[in-house]
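Counting begins at 1 with the first residue of the sequence. Order of listing sets the numbers, starting from 1, for every ligand and every atom in it.
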Amino acid sequence: MNILAIESSCDDTAAAVVKDGRTVLSSCVSSQIEMHTIYGGVVPEIASRKHIEAVYGLADQALADAGLGREDLDAIAVTYAPGLIGAVLVGVNFAKGAAMSLGLPLIPVHHVRGHIAANYITHPDLEPPVVCLCISGGTTAIVDVKSYTDMEIMGGTRDDAAGECFDKVARVLGIGYPGGAPMDKLAQGGGDSRYELPVAHVAGAELDMSFSGLKTASLNLIHNAQQKGEELDLPDFAASFGKAVSDSLVPRAMAALKARGYGKLAVAGGVAANSRIRSDLQRACAKTGDKLYLPELRYCGDNAAMIGCQGYYEWKAGHLAGLDLNAYATRDISLG
Ligand code: KG4
């Protein structure tokens, strides 16, 4: 079963060919970061236009890299939600055209389900049920993955996503966009106890999180230091910030894991590349004896291989779309 998968939900255009769900025959990603860096964030209109320019050639490239022709394909999978609506629409329309012209089934894939599936690529032994901590630029949620296609949100952010918080703070520090990776790098040389930053608790919802207070406290700290002419110790600040984010995520992920008793925790999304969060989770799981699954770094950020992988399981469950498939900016993961 060869699936051509397309991903265009934010600022990466991606195409991949995945065989039988778990074997990645090719994975091509065309990043727009350079273009959006000028503006310090993703400009939706530019993102849509760049996806249009890239998607056709990238799909051909994915086929060529896989050593296959169009006649070797069995289905087309595409991210149809959530994301920047204009950007998602480009992928959806391309996928519809490809499915129609090649006479192939069209498989709609939820972007965050795709991020979770990145773990199946890295870990051939991993099968649901598993609890997954999904942390990206747009999502922060703890998901009970009951089966490949039956999922329930156990908790999540009430406001900003963890990645968004990294990006906004890094932008004010002027250390680059997107800000997660440079903050992570800076933090390696710093101590995490110099700056005290808040870790929010949501009363009555123990698995929920909030990052807006951390963002505001960080921005206030940076601005106050600037106004007083004081120099912020950047590595110490980045390490303190990374600790605050990790202290929000890790105990809740562990509590969710304990509540379900699966003994398996997976992590997904761009922020899953963060070294502090990875090592804190490793330590926590070593303590409880639970098994931790981390995706390879190249499959943490947006890519189409993860969409092809999840697409296979959606196809197996009979989740197909017609040519009236729409794109959605937001959509509950439990709805598929
Ligand atoms: O999964 P992704 O590529 O896109 C979405 O689906 O949102 O995630 C992008 C996010 C950005 O916010 C970026 O700053 C963050 O992942 N990120 C990181 C790291 N690498 C990427 N955050 C923290 N530490 C990192 N090493």
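- Ligand 1 places these atoms under 4.0 Å from at least one heavy atom of G301: 3 (O).
- Distances from ligand 1 to the non-hydrogen atoms of K185 include no value under 4.0 Å.
- Using a 4.0 Å cut-off to heavy atoms of G137, the atoms of ligand 1 that qualify are 5 (C), 7 (O), 8 (O), 9 (C), 10 (C), 12 (O).
- In this structure, H115 has a heavy atom closer than 4.0 Å to ligand 1.
- Ligand-side atoms of ligand 1 in range of G138: 7 (O), range being under 4.0 angstrom from any heavy atom.
- Salt bridge status for D125 with K291: present, with a side-chain N to carboxylate O gap under 4.0 Å.
- Looking from atom 15 (C) of ligand 1 to the surrounding protein, the closest heavy atom is V271 CG2, 3.9 Å.
- Listed by number with element, the atoms of ligand 1 under 4.0 Å from a non-hydrogen atom of D167 are 11 (C), 12 (O), 13 (C), 14 (O).
- Looking only at distances, a side-chain donor or acceptor of S8 sits under 3.5 Å from a matching main-chain atom of G91.
- In this structure, E45 pairs ionically with R49, as a charged nitrogen and a carboxylate oxygen lie closer than 4.0 Å.
- Of all atoms in ligand 1, listed by their number and element, those nearer than 4.0 Å to a heavy atom of G270 are 1 (O), 2 (P), 8 (O), 16 (O), 17 (N), 18 (C), 19 (C), 20 (N), 21 (C).
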Can you give me every donor-acceptor pair (side chain of residues 252-262, partner residue at least two apart or in another chain, under 3.5 Å) with its distance?
unit_1 : atom_1 : unit_2 : atom_2 : d
R252   : NE     : E206   : O      : 3.4
R252   : NE     : D208   : O      : 2.9
R252   : NH1    : S248   : O      : 2.8
R252   : NH2    : A200   : O      : 3.0
R252   : NH2    : H201   : ND1    : 3.2
R260   : NE     : D144   : OD2    : 2.6
Y262   : OH     : D144   : OD1    : 2.8
Y262   : OH     : D144   : OD2    : 3.3

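- Taking only nitrogen or oxygen atoms, main chain and side chain alike, G180 reaches within less than 3.5 Å of ligand 1.
- Residue contacts with ligand 1, taken as heavy atom pairs separated by less than 4.0 Å, involve D302 via backbone and side-chain atoms alike.
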Check residues 317-336 and write down every donor-acceptor pair under 3.5 Å in which the side-chain atom is one partner and the other belongs to a residue at least two apart or another chain.
unit_1 : atom_1 : unit_2 : atom_2 : d
H319   : ND1    : E314   : OE1    : 2.6
R331   : NE     : Y80    : OH     : 2.7
R331   : NE     : G336   : O      : 3.3
D332   : OD1    : S334   : N      : 2.8
D332   : OD1    : S334   : OG     : 2.8

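- A salt bridge does not link D192 with K243: none of the charged nitrogens is closer than 4.0 Å to a carboxylate oxygen.
- Ligand 1 has A181 within reach: a non-hydrogen atom of the residue lies less than 4.0 Å from it.
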* List the steps, then state whether salt bridge (charged side-chain N to carboxylate O under 4.0 Å, His left out) holds for D280 with R276. => CA-CA 6 Å; D280 284 355; R276 171 72 193 240; 3.0 Å; yes

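- With hydrogens and angles disregarded, a donor-acceptor distance shorter than 3.5 Å links the side chain of D184 to the backbone of S275.
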